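Here's the structure we're looking at; comments come further down.
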Amino acid sequence: MSAHPDALLLARNISKSFGGVQALHNVSLDILRGEIHGLIGPNGAGKTSLFNTLTGLYEADQGHATLNGERILGRKPNEICQLGLARTFQNLRLFQNLSVLENVMIGRHVRTHTGVVGALLRTARAKREEQEIAERAQRLLAKTGLLKHANTLAKHLSYGDQRRLEIARALATDPVLLALDEPAAGMNATETESLKALLLQLRDEGLTLLLIEHDMHLVMQLCNRLTVLEYGRKIAEGSPHEVQNNPRVIAAYLGTAHEEVTS
Amino acid sequence: MMLSFTPDTSSARSPAHSSAHSRRNAILGSALLALAVLVLPILISASGSMTWLRIADIALLYIMLALGLNIVVGFAGLLDLGYIAFFAVGAYVWALLSSPHLAQAFPALGPEGLHWPMWVILPLGACIAGLFGVLLGAPTLRLRGDYLAIVTLGFGEIVRIFMNNLNQPINLTNGPQGITRINPVMFGQFSFGKSVTFGSITVPSLMLYYYLFAALAVLIVVASIRLQDSRIGRAWEAIREDEIAARAIGINTRNIKLLAFAMGASFGGVAGGLFASLQGFISPESFGLMDSICVLCMVVLGGMGHIPGVILGTLLLTGLPEALRHWAGPAQQALLGKVVIDPEALRMLLFGVALVLVMQFRPAGLWPSSTRQRELEELADTLPDDENDNDDDDDDDDEASQRSKEVRS
Ligand SMILES: Nc1ncnc2c1ncn2[C@@H]1O[C@H](COP(=O)(O)OP(=O)(O)O)[C@@H](O)[C@H]1O
Ligand SMILES: [Mg+2]
């Protein structure tokens, strides 16, 4: 398989096993600049494992991956974030006892520089940076509709809002690729609708998105291309239309929830 | 109890909160507090009690220590049971560089040993303690909670044992005998070791130390506040809340943790140096596990991560035991005719009882940050009274609730 000239993220032959479980088996993935790329597959297919491998939380057994031409596999999570790959978690991982605003401000850490000396002396530069961090965080909260909750503790947010906060926090790191692990899980219809609008807005602003999602309706509406995993292997990729009519995909989903795909 | 805990204070500080009104209150409050701090030693010495003046000095040192430990435990959530080691390092740095002791081992230094000025030793002591913080922190980076506590406990003991045994082959620390004749703080020719007379007023040495320590404690308080409100402080809190999320969000957790160890240790180093100069004598005995636990109690009792709470906890746990020590003996004598319980034993009892009560009834500490407090109140409102500390969905980071669950189940 040859690399697409527009590829932002290139992953090749990634394998990862846990003891006897082969969570990922020779998975390759191309994500093109400016697209919303869907990653789908039944539960346990290895989608989250692929996220964790690409973002450095798991060490791949084999394979390589680049973001913007920079090698990412084998780097630490914080370095990968610095290179521009930000993510959210399927099981929310917010800074629970900190305010919503602080959660997003922490997202700016990787793009700011104040150290101990600057903090202790409150230098002009440190103050300016602090101001920028707060303003930027507030703008992101406004964008994600969380501004009214700025001073609420993260753990007191509704489930849907917590998911949005994770997105806001990830956006604060100025990513070039935003990877979302089931962002609509647990959201009601209205929340899902506004999430959809947000994701489309982000794409229109030039961000590339990688989306794991079980809501097939949402996937079909949002994604430009899809990759389908099953038992750790890639079984299909292509446009939503192609994938939807792929017999292997239909077979994979027949076992679990047929109507999800066809609906 | 100590081993199962997760630090759980927080503070939603935000620019949106500061209004002119609350700012005026804050200024007024600080002014009153400053006045109290300034007047206190005068009142104490007017009452003629040098003992209490010394206790006030020691309390100020403990505030510096507790605020240092608060960075590690309260902000970054790293449970450190060997923190007193850094106090020891600071004390020994001061003692070695400001006493005749080294002359014995290194005759080349001349018969007087080293007598470097405070301006050099205090920052140097802070730096060396900070370095020790990094050295002892580095091997623990992958550990959390109980495991971290056990390893740091071991490191604390190792440092103490080194101090005890480094009198051979060259006599560096003088072993268990400790180091004597440590210089008092000197500003040029002006010594803090003797009382001074201005006209008709005599200022005792302990009062001179008091003002010096108070000034340095204020510096450390300001440093703590500024660190907490900074990019670094937020990164510490992020690690405390969720280390994996912190890594994924771009925080270099290794460096940020080491920074917490280094900053906490350097505060401890400053306090240690000042302790050596105040006492004029140090020995490894002052730096045992109980002392680490004692400082940890101050932090936990007051309210981890909340600077005013930590200070309150420190004052209570230095003041009350001393009060007991001074009055429990005579009181028993008067009431019962003899001393039934050794006042020293009462002191440990007080520590234990205080901690159990606080953990049971105020799990976030006596004076937690306002957000944390509000939260606990909300919780109390939403739950029937007897379920109060038995709730398990929202506050499973509350130590008391966890412990009470364990106890009841
Ligand atoms: N940390 C881990 N330890 C052991 N097994 C794991 C771990 N992470 C994932 N797995 C296993 O890998 C497989 C894929 O899981 P996952 O990536 O979470 O699937 P998905 O996100 O597609 O539902 C599952 O069988 C799961 O049990
Ligand atoms: Mg998953």
Side-chain angles (χ1 to χ4, degrees), chain A residues 51-52 55-57 76-83 85-89 92-103 105-116 118-122 126 129-131 133-135 137-138 150-156 166 169-170 172-175, chain B residues 6-17 77 130 219-220 222-256 259-260 262-263 266 305 364 369 371-372 374-375 378-379 393-397:
Chain A
F51 262 41
N52 288 345
T55 54
L57 292 178
K76 297 205 186 101
N78 55 298
E79 294 168 341
I80 295 171
C81 179
Q82 176 126 38
L83 288 173
L85 172 50
R87 67 168 294 172
T88 65
F89 291 88
L92 293 159
R93 281 187 170 275
L94 288 168
F95 304 124
Q96 299 248 339
N97 293 303
L98 301 181
S99 74
V100 166
L101 183 66
E102 283 172 313
N103 266 272
M105 286 173 82
I106 290 169
R108 291 302 295 158
H109 182 93
V110 67
R111 302 290 172 218
T112 47
H113 309 283
T114 303
V116 166
L120 287 177
L121 301 179
R122 289 233 166 125
E129 195 174 78
E130 191 70 4
Q131 178 106 27
I133 292 171
E135 279 169 9
Q138 268 160 349
N151 295 315
T152 314
L153 294 192
K155 66 177 171 192
H156 291 161
E166 269 215 341
R169 186 180 69 179
T173 67
D174 285 343
Chain B
T6 320
D8 62 358
T9 46
S10 73
S11 43
R13 298 166 303 282
S14 76
H17 266 175
L219 271 184
I220 281 185
V222 170
S224 288
I225 294 172
R226 289 189 165 189
L227 283 174
Q228 187 177 22
D229 274 339
S230 74
R231 168 177 176 267
I232 302 292
R234 283 191 299 270
W236 284 333
E237 292 180 315
I239 289 176
R240 178 189 76 203
E241 293 295 317
D242 190 328
E243 191 168 339
I244 289 178
R247 269 148 45 97
I249 215 71
I251 293 174
N252 184 331
T253 51
R254 182 197 59 197
N255 291 358
I256 294 290
L259 202 54
M263 288 311 298
S266 65
S369 66
T371 25
R372 184 73 192 142
R374 217 181 317 125
E375 229 175 286
E378 273 169 28
L379 204 65
D393 52 48
D394 200 34
D395 72 332
D396 45 7
D397 49 355

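Only heavy atoms go into these numbers, but all of them, side chains included; no hydrogens, no water, no symmetry mates. The sequence lines fix the lettering, A, B, ..., with proteins before strands; numbering per chain opens at 1. Note that the structure is a prediction, hence the values are computed from the model and not measured.
In this structure, the portion of Glu130(A) lying under 4.5 Å from any heavy atom of chain B is its side chain and not its backbone. The contact between Ile256(B) and chain A is made entirely by side chain atoms (from C-beta outward), counting heavy-atom distances below 4.5 Å. Heavy atoms of Ile251(B) lying under 4.5 Å from chain A belong to its backbone as well as its side chain. Contacts between Glu79(A) and chain B at a heavy-atom distance below 4.5 Å are absent for every atom of the residue. With a threshold of 4.5 angstrom between heavy atoms, Ile133(A) approaches chain B through side-chain atoms but not through N, CA, C or O. Thr55(A) does not touch chain B: none of its heavy atoms, backbone or side chain, sits under 4.5 Å away. For chain B, the nearby part of Leu94(A) is the backbone; its heavy atoms alone come within less than 4.5 Å.
Under 4.0 Å is where a charged nitrogen must lie from a carboxylate oxygen, and between Glu241(B) and Lys155(A) no such pair does.
Considering every non-hydrogen atom in both His109(A) and Gly250(B), the closest pair reads CD2-O, 4.1 Å. Between Ala248(B) and Phe89(A) the shortest heavy-atom distance is CB-CZ, 3.6 Å. Between Ile249(B) and Phe95(A), the shortest heavy-atom distance links the atoms CG2-CZ, 4.5 Å.
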For this session: Please test Asp229(B) against Arg122(A) for side chain to side chain contact (heavy atoms under 4.5 Å, CB included), starting from the C-alpha separation and ending with a verdict.
Result: CA-CA 10 Å; Asp229(B) 274 339; Arg122(A) 289 233 166 125; 3.8 Å; yes

For this session: Could you walk me through whether Thr253(B) and Asn78(A) pass side chain to side chain contact (heavy atoms under 4.5 Å, CB included), step by step?
Result: CA-CA 8 Å; Thr253(B) 51; Asn78(A) 55 298; 5.9 Å; no

For this session: Tell me, with the steps shown, if Gln82(A) and Asn252(B) meet side chain to side chain contact (heavy atoms under 4.5 Å, CB included).
Result: CA-CA 10 Å; Gln82(A) 176 126 38; Asn252(B) 184 331; over 6 Å; no

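In terms of heavy-atom pairs under 4.5 angstrom with chain B, the leader among Val110(A), Leu121(A), Leu120(A) is Leu120(A). If you tally non-hydrogen atom pairs under 4.5 Å between each of Arg87(A), His113(A), Arg108(A) and chain B, the highest count goes to His113(A). Taking Asn103(A), Thr112(A), Thr173(A) one by one and counting their heavy-atom pairs under 4.5 Å with chain B, the maximum is reached by Thr112(A). Contacts with chain B were tallied for Arg169(A), Glu129(A), Lys76(A); Arg169(A) has the most, counting heavy-atom pairs under 4.5 Å.
When the salt bridge (Lys or Arg N to Asp or Glu O under 4.0 Å) test is applied to Arg226(B), no partner is found at least two apart in sequence or on another chain. For Arg247(B), there are no salt bridge (Lys or Arg N to Asp or Glu O under 4.0 Å) partners, not counting sequence neighbours.
Counted by atom type alone, Arg231(B) and Thr114(A) present zero donor-acceptor pairs between their side chains at under 3.5 Å.
Of the inter-residue distances, the one linking Arg240(B) atom CZ with Gln96(A) atom CD reads 12.0 Å to the nearest 0.5 angstrom.
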